[in-house]
Amino acid sequence: MHAAANAAVGAGSTTANTAAAAPETTLMDVSILVDESGSLTKADVQKEIDAASTIALGGLNARSRVSVYGFGSQNRPGQSAITEVCPPTILDSSVKKDALASCVRKLHRREDGEGNDTDHAAALAKGLSALTTGGPDGALKVVFLLTDGRLDVSRSPNYGRIASDRNGEAQKQVDTQLALAQANRVQVWPLGFGDAIDRPALDGFAAGGYQGTCDERPDSKPRARVVRDSGDVLRSLSEAFAAAGCQGVSHSDAAKLGAGETRELKIDIPIIATDGNITVAKGDPKVRVDYIDPSGETVPGNGRLGESEFKRAGENATVETLRVVNPRNGRWTIRLTAPDKLAEQLVSATAIWQGAVSSSLVVEPPSARTGQPLTVRLSLVTRRGAITDAKALSGLTFTVQATGPSLQAPQSIVIRDDGKEPDDRAGDGRYAGTLTAPPTPGDITFTGVVSGYGVRAEKVPVTVAISAQGPALQGRVAFSADPVVHPGTEVRGTVTMENTGPPVRGRLVLEGSGRARAVLAGGTDLTIGQGTTTRPFSVEFPGDAGLGGTSLTVKVADAADLSKVYANGQLTVTIENPPGWFERHRYHIAGAVLLVLVVALLAYLRRRARRARIDVRGLRASLRRDGVEAAVLKAPGKWAAEFRFVVHDGADGGDPGLDYPRSGDRPIRARRGAPGKVVVQIPDGPRYEIAIGGEGEPYEETGLMLAFEDTRRRRRRPPGPGQKVGGTDNVQTSAAQGDPAPAQPTPSTIPGSQTYDDPWL
C-alpha cells in the first residue's frame, strides 16, 4: 500500500503523496551476554542456553543482527573473561539461524581453570562494542544480560593489586559502561538466573542503560526479569524480548512429553499480526514438531502456503523456531512427537508476533487559509492492505500530532471511528478528527501516532500550507460507498471544486491501489473554470482484485505538475467475494421458513384445538328411571372422537345397564356437539342432542332416560357483575329478591367451542 505524505510547495498547492516503503517489523541489533560463572549451577547455565536460543532465533525482522558471548573472569594469564560464542549474524536465512542454534550450545559452566568468577564490566564492554560497529542502520540496540547479578572479580588482577578493592573498581567500570550504553542509545535488559540472585544489581543494569523505547508504552521500558524455574524460561525470555521490540507474545500451556507420545499445544496469533515466530522448547533435539495452521493444514518447514511464507530453524536443537510472514490468524496447533526411549520432557510453545503497519493519512483540504477547519483521516495499512476489522483495532490508541511554527505548542488531535462528524462511517477502520488552522500563516505537519500491544506503526508525516488569503482553488472529493465492495464492481464518487482564479487543467490521480488493483474509470482530465465545477468519477475494482481491506486516495492535481494537489479524499473499503445464491436470498429464505413455521404452528394449534373440542374423555353416560340413576359408564381414558357403548334396557328381566361394545355389537355413538351438548346416534335410529347435565332424553320406548355428565376439568371464568365466587359454580343472584337464580347447565369452554360443526355432517 501507499502512505500519504504531502509537502508544501507554495500557497494553494501541495506535493503529491509519495509512496512509503512497505512497513516492516522492529529492526533490532542484539548482543546476548551469558554468565558462565561458577556461582551458577550446570542446570542454571542450561536454562541460559535455552534462553539465549530463544532470543537468538526469536527475531521477526530478517535484517536484524544477533551476537552471543559467554563470560566469566580473567584470573590469570591464558584465561579470557569473554568468549565469542556466536559472531554477529544477520538473521536473513535458515542456514544462519541453524548456525546460531548450533553455536549457542558451546555455552557451558566454567571450571576454575577457565576463570569462573563474574566480570560484568568486561561483558558489557564487549556487548556494547559489538553494537557500535557494523550493525543495520536504524536498528533498536539491545543488550540481554543473562546472569545472577553477583559481580565477583576479587581474583582478577585486571582490577588492581588489592583483592578487597577489585569489586569496587569493577563496579565503577560497570557504571561507566552503562553511561556509554545510555549515550549510544543501547537498552540493557537483565534476566536473572540462579538461586542467589542480586535483584538490586539487576534493576541497576536496567535503569543504567538507555531509557528510550520503541513506542510510548511503559511496558516497553527496560526492566529486570527473574527466571524462577525451567518451565518459566521460554515464557520470561519471550516476554522480555517482545517488550524490547514492541512485539506481542502468546503462550501455550506447558505439557509433559514421554517416550513414544504425542502432545498438541495450542497457540493464538491475532488478526493484526503480520509476522510471527513460533518458538518451541522441545527438550530434546530428536522430538519431531509439526505446525498446523488455523485452517487445519500442516505448513511446510520452508516455502510458501497461500500468502504465508515459512522458514524453520533449530530442528537439531532443544529449541526450534518457525518464522512466518503473513501468518494465518487464529489458533495454531503445535504437534510434538517423541521417539521411543526418550526421557520425559517438559515442552511448551510461544509465538512472538507483530503487526507491522504504516499510516495512510489524508488532510482535507491539502492547503487552507487561516482559521479554516481541517479534517484528518487515518487508516492503518499492512503489507496485505488496510485493517478494516474494528475488533483488530480495539486495543490500539489513535491520535494525530500537529506541529509547526504557527502553533504555540504541538497539538494532539483526537480521532475516532464512531460514525459521528467528521467520521462518516462507524467501525470501518478509518479514524477522523478536526483541527482549526491557526490564525498565523505557516506550514503544519500532521503525523499519525498509533500505539498498542504488538503493533509497530511507521510514522509518515503530511505537511499542509496555511496562508492568510487561502488558495484560489480548493475542492472536495466525496465517495458514496458501501463499506464492502466486490471484485468486478465500482465505487462512485464526486469532485466538487471552487475556483476564484483563472481556469486550471486538472487531473484525477489514484494512489494506494496495491493488491486491490483499483483504477479510475473513464477520462481523468478535467477543466476547472471559475466558480463551481462538479465532476463524477468511479473507482473500479477488477475481477481479480485482492480480497481484504484497502485504503485509497483520490486526488485532484494540476495536469501540468502532478505535485500540485488541490483536493484529495480517502476511500477505505473491504473487498469481499460476492455472496452466493443462498446468502443473497437469505432474508427471503428466512421469511419463507418463518411463514411455513407460522402456518404449521397455526395448523397445529387448530388441530389441537379441534381434537380438544371433540375429545370425549370426561363424558359420563347414565340411564335413569323415574329420576333415579340406574346405570353409569365413563368414556375410555384414551383420546377418542366417539364414545361408543351399548344399552341393556332390562327387557329380558335383568337390570338396565351400560357397557362397552364387544365384537358384533352395534353400539350407540356419542360425540361432542355444540357447547354443552352431546350428539347421539342410535344404530338404525334417530340422531338427537342431549344437554350435558340435564335430565336426559328418552331412550326409545323403554321408559329409560339417557343422560350425560362431563367430569372433565373446566376453565373457570372470572365472576361477572353481581356474581360471587364460592364452591364450584358461580351463582347469579336476583337483584330484586336476593334469591339465587335457577342453576343452568354450564357449557363447555374448551378451545374452539364458539364454533360448532355437526360431527356427522
Side-chain angles (χ1 to χ4, degrees), residues 1-4 270-274 294-295 306-307 326 328-330 355 357-362 364 375 377-396 398 415-432 477-495 510-522 536-554 568-591:
M1 297 295 296
H2 295 92
I271 295 174
I272 201 169
T274 60
S295 68
E307 293 186 347
N326 299 328
R328 284 187 174 176
N329 309 119
V357 301
S358 62
S359 58
S360 174
L361 180 62
V362 170
E364 304 169 1
T375 299
R377 302 188 190 277
L378 175 70
S379 296
L380 282 194
V381 179
T382 72
R383 67 178 70 94
R384 290 182 293 181
I387 302 176
T388 56
D389 188 321
K391 291 182 179 179
L393 302 173
S394 61
L396 306 181
F398 294 83
I415 56 176
R416 301 185 304 272
D417 183 20
D418 56 4
K420 299 178 181 178
E421 285 292 340
D423 184 52
D424 51 12
R425 188 168 57 236
D428 64 350
R430 183 173 68 165
Y431 289 72
V477 179
F479 301 93
S480 55
D482 193 273
V484 176
V485 299
H486 307 303
T489 62
E490 65 179 24
V491 171
R492 298 180 182 275
T494 303
V495 171
L510 175 67
E511 286 188 351
S513 58
R515 295 170 63 252
R517 293 185 283 278
V519 295
L520 287 169
F537 67 92
S538 62
V539 179
E540 290 185 349
F541 295 86
D544 61 347
L547 304 181
T550 186
S551 183
L552 311 173
T553 302
V554 173
N568 56 16
Q570 187 184 62
L571 172 66
T572 301
V573 293
T574 302
I575 305 172
E576 295 180 355
N577 281 324
W581 182 90
F582 183 83
E583 189 175 355
R584 291 197 309 271
H585 298 89
R586 62 185 184 276
Y587 296 115
H588 299 89
I589 295 172

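Every value quoted in this text rests on a predicted model; they were computed, and no experiment measured them.
For Y431, the ring-ring contact (aromatic ring centres under 6.0 Å, His included) partners are F398, not counting sequence neighbours. Looking at residues two or more places apart in sequence or on another chain, you find no side chain to side chain donor-acceptor pair (under 3.5 Å) involving T274. Residues passing the side-chain contact (heavy atoms from CB on, under 4.5 Å) test with A390, sequence neighbours excluded: none. Take A432 and apply the side-chain contact (heavy atoms from CB on, under 4.5 Å) test, not counting sequence neighbours, and it matches R377, P422, D423. Every residue was checked against the side chain to side chain donor-acceptor pair (under 3.5 Å) condition with R517, not counting sequence neighbours, and none meets it. For E583, the side-chain contact (heavy atoms from CB on, under 4.5 Å) partners at least two apart in sequence or on another chain are P579, R586. Remark: D417 engages no residue in a side chain to side chain donor-acceptor pair (under 3.5 Å) (not counting sequence neighbours). With sequence neighbours excluded, the residues that form a side chain to side chain donor-acceptor pair (under 3.5 Å) with D428 are R425. Residues satisfying the salt bridge (charged side-chain N to carboxylate O under 4.0 Å, His left out) criterion with D482, sequence neighbours excluded, are absent altogether. For I589, the side-chain contact (heavy atoms from CB on, under 4.5 Å) criterion is met by W581, F582, H585, V593, not counting sequence neighbours.
The two residues A545 and P487 have their closest heavy-atom pair at O-CG, 4.3 Å. Counting all heavy atoms, side chain and backbone alike, T494 lies closest to F537 at N-CE2, 3.4 Å. In terms of heavy-atom proximity, A516 sits nearest to T550 at CB-OG1, 3.7 Å. For the residue pair G546 and I575, the shortest heavy atom distance occurs at O-CD1, 3.4 Å. E421 and R416 make their closest contact through O-NH2, 3.5 Å (heavy atoms, listed as atom of the first residue, atom of the second, distance). Between S360 and Q570, the closest heavy-atom pair is O-NE2, 2.8 Å.
Distance OG/S551 to CD1/I387: 11.0 Å, rounded to 0.5 Å. Rounded to the nearest 0.5 Å, atoms CZ (R430) and CG (L393) are 14.0 Å apart. Summarising the geometry, atom CG belonging to L361 is positioned 11.0 Å from atom CG belonging to L380; distances are rounded to the nearest 0.5 Å. How far CG of N326 is from CZ of R384: 4.5 Å, rounded to the nearest 0.5 Å. Rounding to the nearest 0.5 angstrom, the gap separating the CG atom in L378 from the OG1 atom in T572 is 9.0 Å. To the nearest 0.5 Å, atom OG1 of residue T574 and atom NE2 of residue H486 are 11.0 Å apart.
Inter-residue side-chain proximity for V539 and L520 is flagged as met; some heavy-atom pair is nearer than 4.5 Å.
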Are L396 and I272 close enough, and set up right, to give a side-chain contact (heavy atoms from CB on, under 4.5 Å), and what steps lead you there? CA-CA 11 Å; L396 306 181; I272 201 169; 3.6 Å; yes

Taking it one step at a time, do F479 and D424 satisfy side-chain contact (heavy atoms from CB on, under 4.5 Å)? CA-CA 10 Å; F479 301 93; D424 51 12; over 6 Å; no

Trace of the side-chain contact (heavy atoms from CB on, under 4.5 Å) decision for V554 with L552: CA-CA 7 Å; V554 173; L552 311 173; 5.6 Å; no

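The only member of R383, R515, R328 that meets salt bridge (Lys or Arg N to Asp or Glu O under 4.0 Å) when paired with E307 is R515.
Applying the salt bridge (Lys or Arg N to Asp or Glu O under 4.0 Å) rule to pairs touching residues 569-579 yields nothing, sequence neighbours excluded.
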